[in-house]
Amino acid sequence: MAMSLPEATRRLDQVDRLVSASYEQIYAAYQNSEQNSEQNSEQNSEQNEGLQVQTGFQGMPPALIRICFMNLLAARRSFATAIDLGCGNGVFALMAAALGWDSYGIDASEYLIEQAILLRDQLRAAGVIAMETRCEFAVGSIYPPESNTAYEDFVRQHAKNAITMPVGLPTTAYAQLGITLSAIDVIYAFTWSDQMPFLCQFLNTQAQEKAVFVLPHYRSVEGKFDEDLRLKSLPNPFPCPIFLGERE
């Protein structure tokens, strides 16, 4: 039985509130991390490395993600699975799971994945995410092992810094989650724009033909390599700056 629009809206709003509060906690932790780094404290060096130094985290406002889901619901398609690539604390995967879609998230930061799991468990306890709905997270690269060499070659040619183009991450996330990208209906990727050319080439070869893409950085760079995905926008009844599209 399809979820009613009022119920979907209620659940999305609950995720919005929890994720927004989580952002405040994460940014406070980052501020402490920066202060400790300035003090050059050996005691806090591991915490510093686990937070902003490795992730460069910038959270997408949950309200914008909520609008994305309203547009996806307006498309009146049957979505069953979603993945959040570069998930941070999991906002897209959590909202997808709140709608009853099996969802997955991958991020480079163990700290942020811990926050995503904490939010998921809170939402399950509140009855926002059903126990039977998969909502799983893994630490590692958003690229599987077979793409790792090509990605590292791309980084060597285009690298600007280690935050926007991290290498050497575990490539076991897809195996840990027990999924392949070709089985996913909706793909969200909030990566640094420096990665977008490689990401689009990767998605073009790995995603299923009918996948829907939600790509915050796509509009700003599509003129340079739109041919890699050849996407067209989905109808946008709820205006949002985040690109939603499918292959032409």
Side-chain angles (χ1 to χ4, degrees), residues 8-38 44 46-72 82-99 101 103-129 135-140 142 161 163-164 166 173 186-195 214-218 220 238-244:
T9 301
R10 183 187 71 82
R11 294 188 182 207
L12 293 174
D13 286 345
Q14 287 183 270
V15 178
D16 185 335
R17 288 194 292 271
L18 270 184
V19 171
S20 295
S22 175
Y23 279 172
E24 293 180 9
Q25 296 171 3
I26 291 170
Y27 291 138
Y30 283 174
Q31 186 174 12
N32 290 335
S33 174
E34 289 177 346
Q35 292 172 351
N36 291 332
S37 181
E38 289 173 1
N44 294 293
E46 290 185 3
Q47 179 190 16
N48 294 340
E49 188 167 341
L51 295 175
Q52 196 168 19
V53 173
Q54 284 193 344
T55 68
F57 174 72
Q58 291 185 359
M60 178 62 65
L64 289 182
I65 302 300
R66 179 186 176 282
I67 295 173
C68 286
F69 277 100
M70 297 304 292
N71 283 321
L72 288 169
I83 195 165
D84 189 339
L85 301 176
C87 68
N89 63 346
V91 55
F92 192 88
L94 293 168
M95 286 193 177
L99 296 180
W101 310 350
S103 65
Y104 310 89
I106 300 173
D107 198 88
S109 169
E110 182 175 353
Y111 169 77
L112 292 175
I113 290 295
E114 289 173 353
Q115 303 311 304
I117 292 172
L118 178 63
L119 290 171
R120 178 202 63 194
D121 292 348
Q122 291 174 338
L123 290 164
R124 284 204 194 283
V128 178
I129 296 178
C135 185
E136 308 295 337
F137 298 93
V139 177
I142 64 174
N161 64 66
I163 291 178
T164 62
V186 181
I187 300 171
Y188 173 83
F190 183 33
T191 64
W192 291 93
S193 57
D194 295 343
Q195 289 193 49
V214 185
L215 306 171
H217 281 143
Y218 188 76
S220 63
F238 303 94
C240 180
I242 297 175
F243 176 85
L244 281 79

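Looking at heavy atoms from C-beta onward, Arg124 lies in side-chain contact with Cys135 at the 4.5 angstrom threshold. Two residues are said to be in side-chain contact when any heavy atoms from C-beta on lie closer than 4.5 Å; Met60 and Tyr188 meet this criterion. Two residues are said to be in side-chain contact when any heavy atoms from C-beta on lie closer than 4.5 Å; Pro62 and Val15 fail this criterion. Looking only at side-chain heavy atoms (C-beta outward), Ser103 and Asp84 stay at 4.5 Å or farther from each other. Annotation: side chain of Trp101 is in contact with side chain of Leu72 (closest heavy-atom distance under 4.5 Å). Phe92 has its side chain within reach of Val186: a pair of non-hydrogen atoms, C-beta onward, lies under 4.5 Å apart.
Shortest non-hydrogen contact noted between Ile142 and Gly86 is CG2-N, 3.6 Å. In this structure, Asp107 and Cys87 approach most closely via the heavy-atom pair OD1-N, 3.3 Å. Closest of all the heavy-atom pairs between Asn71 and Cys240 is ND2-CB, 4.3 Å. Closest heavy-atom contact between Phe69 and Met95: CE1-CB, 3.4 Å.
Rounded to the nearest 0.5 angstrom, Glu114 CD and Asn89 CG are separated by 12.5 Å. The CD1 atom of Ile106 sits 4.5 Å away from the CD1 atom of Ile83 when rounded to the nearest 0.5 Å. Rounding to the nearest 0.5 Å gives a distance of 11.0 Å between CD1 of Ile67 and CG of Leu12. Of the inter-residue distances, the one linking Arg11 atom CZ with Leu94 atom CG reads 13.5 Å to the nearest 0.5 angstrom.
Scanning for side chain to side chain donor-acceptor pair (under 3.5 Å) contacts around Arg10 gives Glu7, Gln14, with sequence neighbours left out. Residues that satisfy the side chain to side chain donor-acceptor pair (under 3.5 Å) test with Asp13, not counting sequence neighbours, are Arg66.
Looking only at distances, no side-chain donor or acceptor of Ser22 sits under 3.5 Å from a matching main-chain atom of Leu18.
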